[in-house]
Amino acid sequence: MEPATMAWTAGLVGAGLVYWFVWVMGAAEVKGKRAVDLKMGSITRDKVQDKYTQYWSFFRRPKETASTQASADKVPAFVDTFYNLVTDIYEWGWGQSFHFSPSLPGRSHRDATRVHEERVADLLGAEPGHRVLDVGCGVGGPMRAIAAHSGARVVGITINEYQVNRARAHNRKAGLDAQCEVVCGNFMAMPFDDASFDGAYSIEATCHAPRLQDVYGEVYRVLKPGRLYVSYEWVTTPLYRADDPAHVEAIHGIERGDALPGLRRQDEIASIAQEVGFEVVQELDLALPPSLPWWTRLKMGRLAYWRNSLVVRVLTLLRIAPKGVVEVHEMLYETAQHLTLGGETGIFSPMHMVVLRKPAAAAE
């Protein structure tokens, strides 16, 4: 074969591979993000690497992150930075629901996710005419599933303005913008009236709060008396051993890579809920058998992580993606390994469920 022909052939093959990796294989869902659209939230291109460095410096020692009031006060701003850095990557590689779910035999991850979300609506007894609060709604995947399943109106709150805009865009595409509302705000100081919701839920979101009492107290305030709150909490389980270096590194790795000011113990959740006034209706770790493992999705996605790593490196080299994206992606890949170890050893659960009721006699 002539050198010129070989060069043209190699070029065509290379272009075909780029097209396949970026455009065909690029998005986790049909309406998800593609690699060429990684904007890193509202951070300007020239600031992405600096913001990542600041984030990593703050969260690299998880147990010290909220050890003082001064550092705890900084947590919301750094959580906001975290979601600016990771939202596009999450949508690209994971979809619109930023959480885990137990695997279901013969069912896709998308199906398992929907079932996990619809369980919340069923527990709340959400129905048309109800106004339900999504505490830490992200880009609104659970919100849309719950609104469509129940017919209720869902109001979501997220601290990240970029996620607000993404959620609203997804709501319009799904034809649910009249049923789903998204508000930018801190869930530890929510801009809602007392006793204004018929139900509330949080799906793997309250783990970002330095004090769970602050979130639960706000949810208690905005719930109508007699109404329910369902939360899926990230916790360490009784199998966790603080004297085991492997256990400690796995949990710290989860905390560092997910903007957590320190994971709570499983046995703390109910008492914190009772402390702010809730009645505990049900408490159940949905990660335990007979549920099938939630972390298999991470293990099965390792090939996708490697592919995505190659894609972000190429896009950064071509200056399509901003500098710093590679570091953020590598942080998430390392965090996925810690999450997998946490699941395999049973020392960590991302779905310790509590169903809480505001007493019917509570003063509004």
Side-chain angles (χ1 to χ4, degrees), residues 38 40-44 47-90 93-94 98-100 135-136 138-139 158-163 186-188 202-215 233-236 240 242 245-265 268 298 305 309 312 322-343 347-350:
L38 298 180
M40 312 309 284
S42 59
I43 303 173
T44 57
K47 298 294 184 184
V48 170
Q49 195 152 41
D50 288 344
K51 288 292 186 181
Y52 168 74
T53 301
Q54 292 167 16
Y55 165 82
W56 189 249
S57 296
F58 185 74
F59 275 105
R60 73 179 182 275
R61 298 186 185 92
K63 293 301 180 186
E64 299 173 19
T65 301
S67 58
T68 66
Q69 188 59 49
S71 59
D73 289 343
K74 297 177 182 176
V75 169
F78 279 101
V79 171
D80 182 34
T81 294
F82 173 76
Y83 279 111
N84 273 326
L85 292 170
V86 306
T87 291
D88 282 350
I89 295 178
Y90 277 2
W94 197 261
F98 298 174
H99 63 80
F100 296 103
V135 182
V139 298
T158 172
I159 200 167
N160 184 259
E161 183 69 41
Y162 183 71
Q163 289 191 335
N186 186 339
F187 57 29
M188 294 183 289
S202 51
I203 299 181
E204 302 182 27
T206 59
C207 48
H208 292 300
R211 281 175 28 95
L212 190 60
Q213 291 90 333
D214 295 337
V215 189
E233 296 288 344
W234 280 30
V235 295
T236 58
Y240 173 70
H247 285 197
V248 172
E249 176 55 24
I251 295 303
H252 283 189
I254 293 169
E255 293 167 336
R256 287 193 302 265
D258 281 302
L260 309 183
L263 281 166
R264 281 168 275 273
R265 299 193 318 270
E268 293 180 285
L298 292 170
Y305 280 118
S309 179
V312 295
K323 238 178 123 180
V325 174
V326 172
E327 288 84 349
V328 175
H329 188 268
E330 289 303 308
M331 176 188 75
L332 296 179
Y333 175 62
E334 182 180 333
T335 305
Q337 293 177 303
H338 291 304
L339 286 163
T340 301
L341 181 59
I347 64 174
F348 165 75
S349 171

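- In terms of heavy-atom proximity, A205 sits nearest to G136 at CB-O, 3.7 Å.
- Under the 4.5 Å side-chain criterion, counting only non-hydrogen atoms from C-beta, P350 is not in contact with H99.
- Note that NZ of K74 and CD of Q54 are 11.0 Å apart. Values are rounded to the nearest 0.5 Å.
- In this structure, the side chain of E204 does not engage the main chain of W234 through any donor-acceptor pair within 3.5 Å.
- A259 and P261 get closest at one heavy-atom pair: O-CD, 3.8 Å.
- Looking at heavy atoms from C-beta onward, H338 lies in side-chain contact with E249 at the 4.5 angstrom threshold.
- A donor atom on one side chain and an acceptor atom on the other are found under 3.5 Å apart for D73 and Q69.
- A heavy-atom distance below 4.5 Å is not found between the side chains of V86 and F98.
- Of the candidates D80, N84, T87, T87 is the only one forming a side chain to side chain donor-acceptor pair (under 3.5 Å) with Q163.
- Put simply, CD on E327 and OG1 on T53 are 7.5 Å apart, with the number rounded to the nearest 0.5 Å.
- Here the NZ-OG1 distance, from K51 to T44, works out to 8.5 Å after rounding to the nearest 0.5 Å.
- Residues Y162 and D88 have side chains in contact (heavy-atom distance under 4.5 Å, counting atoms from C-beta outward).
- Of the possible donor and acceptor atoms, none in the side chain of D258 sits under 3.5 Å from a partner among the backbone N and O of L260.
- Closest approach of A209 and M188 over heavy atoms only: CB-SD, 4.0 Å.
- The two residues A246 and L341 come nearest to each other via the heavy atoms O-CD2, 4.4 Å.
- The main-chain N or O of Y83 is never found under 3.5 Å from a side-chain atom of Y90 such that the two would form a donor-acceptor pair.
- Taking the six-membered ring for Trp and thresholds of 30 and 60 degrees, H208 and F82 have ring planes inclined between 30 and 60 degrees apart.
- Ring-plane geometry between Y52 and W56 is classed as parallel, the angle between the planes falling under 30 degrees on a 0 to 90 degree scale with a further cut at 60.
- Between the CG atom of L38 and the NE2 atom of H329 there is a distance of 9.0 Å, given to the nearest 0.5 Å.
- Side-chain contact between R256 and T335 is absent, with no heavy-atom pair separated by less than 4.5 Å.
- The closest side-chain heavy-atom distance from L212 to E233 is below 4.5 Å.
- For the atom pair CE of M40 and OG1 of T81, the computed distance is 11.5 Å after rounding to the nearest 0.5 Å.
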*Could you go step by step and tell me if L339 and F348 meet the side chain to side chain contact (heavy atoms under 4.5 Å, CB included) rule?*
CA-CA 8 Å; L339 286 163; F348 165 75; 3.6 Å; yes
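- Separation of atoms OG1 (T206) and CG (D214) is listed at 11.5 Å; rounding is to 0.5 Å.
- Residues T236 and I347 have side chains not in contact (no heavy-atom distance under 4.5 Å, counting atoms from C-beta outward).
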